[in-house]
Amino acid sequence: MRILPTVEKAKSEISRLEKYVWLAESHGEQTLEKQIIKHYAYIGSISKTVAHLNEKRANEGLSPIELSYAKEVIQSKPADALHRMVRTRYRQKIRHLQY
């Protein structure tokens with residue numbers, strides 16, 4: 001069973017998560033990089049994000065993207081607040097997998 005946080009910590013976490021949801025929902029998709037960041041925020045997996053975007057790009061007659069390119073985009077210097085949050089999440093995820 002998980003231990004409940006204090007009320008102040010819970011309020012802080014709720015506020016942080018609401019900001020994350022708002023940023024993801026309002027994030028534009030004007031560029032391929034923004035599409036990668038937004039879809040990674042929704043899906044949480046680079047391989048699934050690439051598969052989803054490649055399916056979408058195939059329907060539009062565009063060339064597919066590589067998994068390595070999507071990783072580079074996510075690990076690059078953050079361009080906005082959502083990118084910063086996604087990058088932090090990705091780094092925590094891969095650090096856990098490396099040990």
Measure the [atom1]-[atom2] distance between [X] and [Y] for me, rounded to the nearest 0.5 Å.
X: Gln35; Y: Arg57; atom1: CD; atom2: CZ; answer: 7.0 Å
X: Lys77; Y: Arg84; atom1: NZ; atom2: CZ; answer: 9.5 Å
X: Ile65; Y: Lys56; atom1: CD1; atom2: NZ; answer: 11.0 Å
X: Glu66; Y: Lys71; atom1: CD; atom2: NZ; answer: 11.5 Å
X: Ile37; Y: Met85; atom1: CD1; atom2: CE; answer: 13.5 Å

Would you say NZ of Lys19 has more than 12 non-hydrogen atoms from neighbouring residues, nucleotides or ligands within 6.0 angstrom?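 At most 12 heavy atoms, drawn from other residues, nucleotides or ligands, come within 6.0 Å of this atom.
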Would you find more than 12 non-hydrogen atoms of other residues, nucleotides or ligands less than 6.0 Å from Lys34 atom NZ? yes
Restricting to side chain to side chain contact (heavy atoms under 4.5 Å, CB included), what partner residues turn up for Ser45, sequence neighbours left out?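 For Ser45 the side chain to side chain contact (heavy atoms under 4.5 Å, CB included) partners, ignoring immediate neighbours, are Ile43, Ser47, Lys48.
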Strictly below 4.0 Å, N to O, side chains only: are Glu13 and Arg16 in salt-bridge contact? yes
Evaluate side-chain contact (heavy atoms from CB on, under 4.5 Å) for Ser76 paired with Arg87, printing each intermediate quantity in order. CA-CA 8 Å; Ser76 66; Arg87 179 180 179 216; over 6 Å; no
Backbone N/O of Gly44 and side chain of Lys93: donor-acceptor pair under 3.5 Å: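 Yes; judged by distance alone, with no hydrogens or angles, the pair exists.
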Can [Y] be reached from [X] by stepping across I, L, V, M, F, W or Y side chains whose heavy atoms are under 4.5 Å apart?
X: Leu53; Y: Tyr69; answer: yes
X: Leu67; Y: Val73; answer: yes
X: Tyr20; Y: Trp22; answer: yes

If you draw the axis of the six-membered ring of Tyr40, does the NZ or CZ of Arg89 fall within 45° of it and under 6.0 Å from the ring centre? yes
For Ile36, the option from Val86, Ile74, Val50 that meets side chain to side chain contact (heavy atoms under 4.5 Å, CB included): Ile74
List in chain and number order the residues that pass ring pair (Phe, Tyr, Trp, His ring centres under 6.0 Å) with His39, two or more places apart in sequence or in another chain; answer none if no residue qualifies.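 In terms of ring pair (Phe, Tyr, Trp, His ring centres under 6.0 Å), with neighbours along the sequence ignored, His39 is linked to His52.
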Here the pair of heavy atoms bringing Lys9 nearest to Pro5 is CB-CB, 4.0 Å
Heavy-atom pair with the smallest gap, counting every atom of Ala24 and Leu82: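 Nearest heavy atoms, Ala24 then Leu82: CA-CD2, 3.8 Å.
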For Asp80 and His27: C-alpha separation, side-chain torsions, deciding distance, then whether side-chain contact (heavy atoms from CB on, under 4.5 Å) applies. CA-CA 10 Å; Asp80 53 41; His27 199 261; 3.0 Å; yes
Are side-chain N/O atoms of Tyr42 and Glu25 paired as donor and acceptor at under 3.5 Å?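 Side-chain D/A pair, Tyr42 to Glu25: absent.
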